[in-house]
Amino acid sequence: MSFSQFQFHPNIESGIRDLGYTSPTPIQLQSIPIILQNRDLMGLAQTGTGKTAAFVLPILQRLTAPSRKRIRALIVAPTRELAEQIHQDIQDLGRHTKTRSVTIYGGVGKGSQIGGLRLGAEIAVACPGRLLDLMEQGVVDLSHVEVLVLDEADRMFDMGFLPDIRKIIKRIPAER
């Protein structure tokens with residue numbers, strides 16, 4: 001088995017090759033086809049099995065259409081460290097695409113995050129608190145979100161983020 005079976009855009013395939021990925025992992029084999037069909041999915045696998053690439057690659061494929069300079073994919077993560085890790089994976093896998101992503105989390109200044117949004121990021125990787133803060137300020141528009149990922153959802157719920165997640169979901173289209 002190889003990544004070519006998924007028929008990703010050539011620019012995405014270049015990113016995969018640049019990282020030295022040769023064969024999809026079991027979580028990728030099982031989830032990528034489902035995500036490419038725009039179906040909902042809940043996945044569970046151990047750390048280091050390629051879960052992030054399992055959802056990032058189909059997102060990049062979906063966003064290969066001309067840039068619309070608005071958030072089309074929202075990935076919510078419980079910690080800034082995980083948000084940065086996901087963002088880096090998007091940068092690495094999408095290095096040959098024109099897709100822009102931005103991280104949104106607290107504990108740092110808002111300026112660079114707002115700047116990234118204004119540059120037309122199509123993917124936002126966010127922690128719930130700062131995302132809600134920027135939404136309330138009118139800086140973040142989620143009305144065009146096509147893809148929602150709740151990464152480590154169980155951990156977010158254990159950390160008490162369920163009310164925040166519900167508020168975020170109310171602000172994105174029901175069809176996603």
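Worth knowing before you read on, the calculation uses all heavy atoms, side chains too, and leaves out hydrogens, waters and symmetry mates.
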**Request:** Determine whether more than 12 heavy atoms belonging to other residues, nucleotides or ligands lie under 6.0 Å from atom CD of Gln137.
**Result:** yes
**Asked** By ring pair (Phe, Tyr, Trp, His ring centres under 6.0 Å), which residues pair with Phe3, not counting sequence neighbours?
**Response** none
**Request:** Answer yes or no: is there a donor N or O on one side and an acceptor on the other, between the side chain of Ser23 and the main chain of Met1, under 3.5 Å?
**Result:** yes
**Prompt:** Where is the tightest heavy-atom contact between Ala83 and Ala77, given as atom of each residue plus distance?
**Reply:** N-CB, 4.1 Å
**Request:** Give the C-alpha distance, both sets of side-chain angles, the deciding distance and a yes or no for salt bridge (charged side-chain N to carboxylate O under 4.0 Å, His left out) between Lys51 and Asp151.
**Result:** CA-CA 9 Å; Lys51 290 184 300 288; Asp151 199 5; over 6 Å; no
**Prompt:** How far apart are the closest heavy atoms of Leu132 and Lys167, and which atoms are they?
**Reply:** CD2-CB, 3.9 Å
**Prompt:** Is the count of non-hydrogen atoms from other residues, nucleotides or ligands lying under 6.0 Å from Leu119 atom CG greater than 12?
**Reply:** yes
**Request:** Output every pair passing salt bridge (charged side-chain N to carboxylate O under 4.0 Å, His left out) with a member in residues 5-31, not counting sequence neighbours, ordered by first then second residue.
**Result:** Asp18-Arg95
**Request:** Compare all side-chain heavy atoms of Asp158 with those of Arg155 and state whether any distance is below 4.5 angstrom.
**Result:** no
**Request:** Would you check if the side chain of Gln61 reaches a backbone N or O of His9 as a donor-acceptor pair within less than 3.5 Å?
**Result:** yes
**Complete:** Separation between CD1 (Ile12) and CD (Gln7), nearest 0.5 Å, reads 12.5 Å
**Prompt:** With distance as the sole test, does Ser14 use its side chain to make a donor-acceptor pair with the main-chain N or O of Pro10 at under 3.5 Å?
**Reply:** yes
**Minimum side-chain heavy-atom gap Val149-Val56 below 4.5 Å** = no
**Message:** Between the side chains of Glu122 and Arg72, is the shortest nitrogen-to-carboxylate-oxygen separation below 4.0 Å, so that they form an ion pair?
**Reply:** yes
**Prompt:** In Å and rounded to the nearest 0.5 Å, what is the OG1 to CD distance from Thr79 to Gln85?
**Reply:** 8.5 Å
**Cluster link Ile75 to Ile168, ILVMFWY, side chain under 4.5 Å** = no
**Prompt:** Looking at Ile27 and Gly43, what are the two nearest heavy atoms and their distance?
**Reply:** CD1-CA, 4.4 Å
**Request:** Starting at CD1 of Ile114, measure out to CD1 of Ile104 and round the result to the nearest 0.5 Å.
**Result:** 9.5 Å
**Asked** Quick one: do the Gln91 and Ser101 side chains pair a donor with an acceptor below 3.5 Å?
**Response** yes
**Asked** Out of Thr97, Thr64, Leu60, which residue meets the side chain to side chain contact (heavy atoms under 4.5 Å, CB included) rule with Asn11?
**Response** Thr97
**Asked** Under 3.5 Å, side chain of Arg171 to main-chain N/O of Asp141, donor-acceptor pair present?
**Response** no
**Item:** Pairs satisfying side chain to side chain donor-acceptor pair (under 3.5 Å), at least one member in residues 28-43, at least two apart
**Value:** Thr25-Gln28, Gln37-Arg39, Asn38-Arg62
**Message:** Do Leu57 and Phe6 have side chains that approach each other closer than 4.5 Å (heavy atoms only, starting at C-beta)?
**Reply:** no
**Item:** Ile123 and Ile71, any side-chain heavy atoms less than 4.5 Å apart
**Value:** no
**Asked** Do Met135 and Leu142 come within less than 4.5 Å of each other through their side chains, counting heavy atoms only?
**Response** yes
**Asked** Could you walk me through whether Tyr105 and Gln113 pass the side chain to side chain donor-acceptor pair (under 3.5 Å) check?
**Response** CA-CA 8 Å; Tyr105 52 79; Gln113 296 172 6; 5.5 Å; no
**Item:** Between Thr103 and His87: side-chain donor-acceptor atoms closer than 3.5 Å
**Value:** no
**Message:** If you compare all heavy atoms of Ala53 against all heavy atoms of Tyr21, which two are closest, and at what distance to 0.1 Å?
**Reply:** CB-CE1, 4.4 Å
